[in-house]
Amino acid sequence: MVICETVSYGYIRKASLKPWDSISENIQTCTGNDFVIDSQQSIGGGCINEAYKITGKTVPGKKVQTWFVKLNQANGLEMFEAEHRGLQEMADTNAIRVPNPLCSGIAENKSYLIMEYIELTSRGADPLQLGQQFAAMPKVTKDQFGYVCENTIGSPPPINPPVKYCLTFWQKHRLGFQLQLASRKGGGRNLQRKGEQLVCRFSALFTNYQPKASLLHGDQWGGNCSGDDEGNPVIYDPAVYYGDHEADLAMTELFGGFGGNFYSAYAEVFPVDAGYPVRKILYNLYHILNHFNLFGGGYATQAESMIDQLLAELG
Ligand code: ADP
């Protein structure tokens, strides 16, 4: 977490018309307590939204409260409602610490999401505890893959129409959809041709593997987890859906891995199938294609080489 600046409430209102009055009122409505904002600190480290730690009092001179607030343009409301829903669903599992969401809405032409503020430490989470707790969350399952709404890993969004089989979900709504976007973005003929071959053939990776639809974080790279001041792991900024737990596990490995005893601790709680090392490439291909669709550049080459690897595995 990077604290960028501290500003007084009066100054911010005059300077930039931030929606703090309405946000204060909504905190009062949702908690049932008076709340007056004293200050807000801009918090860096996020990718899409403005983020603030706001501090205030329940009534003047009484108990100090802090909240974590994300702001975006008014058309970001659906994104925040989806995040609100996902955070609540993860928090309800009691598997791992997640900021409790309070409310989301529109104020002064800005969309906002308010949640519990958690003091995150620079030493982060203990890998062993993180592995154990992160593995407990996907034990919560549903009958269908997908989610009740679309959510966001950057933009364009992951699409989540619920379907019965993991394979169909990945063929249509994960790889198929990202390949379509990549074609519009100019990913090149080879990427398209090989990608389509892969989509037709990767069912072989699921012949003896029928995963359950587990509750997933959906965007679990190292930047979306940390530790609280008592050392408990905390995860945040999800793009929740129900899917194969291996997809969340694979993403933890995408940018260098979580280290320590994370993976052995995870496997003790949620045993990992022997076919994971190959499916991991498939699951992470989705994120690389999504990166290409967001940022362009060399991600197309990376995606193509992952597809080559998978096609070689498929023989
Ligand atoms: P974005 O949606 O823009 O990616 P994040 O949700 O990642 O924003 O939040 C930005 C940063 O704020 C995170 O990297 C983390 O350091 C910090 N953070 C996120 N949630 C909380 C929280 N509930 N309490 C305190 N700090 C938080």
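Just follow the structure's listing: the first ligand is 1, and inside any ligand the first atom is 1. As the structure is a computational prediction, the values presented were derived from the model and not from experiment.
The aromatic rings of Phe169 and Tyr241 sit parallel to each other, their planes meeting at less than 30°, with 60° as the upper class boundary. Using a 30° and 60° split on the angle between ring planes, Trp221 and Phe255 fall in the perpendicular class, above 60°.
When the side chains of ILVMFWY residues are joined at heavy-atom separations under 4.5 Å, either directly or via intervening members, Tyr165 and Phe177 end up in two distinct hydrophobic clusters.
Within the 4.0 Å heavy-atom criterion, neither part of Glu119 lies near ligand 1. When heavy-atom distances to ligand 1 are checked against a 4.0 Å cut-off, Met115 comes that close only through its side chain, counted from C-beta outward. Contacts of Tyr117 with ligand 1, taken as heavy-atom pairs under 4.0 Å, involve both backbone and side chain.
Within the set Ile153, Asn49, Ile118, Ile114, the minimum heavy-atom distance to atom 24 (N) of ligand 1 is found for Ile118.
Those atoms of ligand 1 with a heavy atom of Gly44 less than 4.0 angstrom away are 11 (C). The Ile43 neighbourhood of ligand 1 comprises atoms 12 (O), with distances under 4.0 Å to a heavy atom of that residue. Those atoms of ligand 1 with a heavy atom of Pro99 less than 4.0 angstrom away are 23 (N). Contact atoms of ligand 1 toward Asp237: 1 (P), 2 (O), 4 (O), 5 (P), 6 (O), 7 (O) (distance under 4.0 Å to a heavy atom of the residue).
With hydrogens and angles left out, the side-chain atoms of Asn293 and Tyr299 include no donor and acceptor closer than 3.5 Å.
Here's the thing with Lys70: one of its N/O atoms is less than 3.5 angstrom from an N/O atom of ligand 1.
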What pairs of donor and acceptor atoms, side-chain ones from residues 70-78 against any protein atom, are under 3.5 angstrom apart with sequence neighbours left out?
| from | atom 1 | to | atom 2 | distance (Å) |
| --- | --- | --- | --- | --- |
| Lys70 | NZ | Glu83 | OE1 | 3.2 |
| Lys70 | NZ | Glu83 | OE2 | 2.9 |
| Lys70 | NZ | Asp237 | OD1 | 3.2 |
| Asn72 | ND2 | Asn49 | OD1 | 2.7 |

Could you pull out all donor-acceptor pairs under 3.5 Å where a side-chain atom in residues 266-275 meets a protein atom, sequence neighbours excluded?
| from | atom 1 | to | atom 2 | distance (Å) |
| --- | --- | --- | --- | --- |
| Tyr266 | OH | His245 | ND1 | 2.6 |
| Asp273 | OD2 | Gly275 | N | 2.8 |
| Asp273 | OD2 | Arg279 | NH2 | 2.8 |

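Look at Ser226 and you'll find every heavy atom at least 4.0 Å from all atoms of ligand 1.
A 6.0 Å sphere centred on CG of Asp229 holds more than 12 heavy atoms belonging to other residues, nucleotides or ligands.
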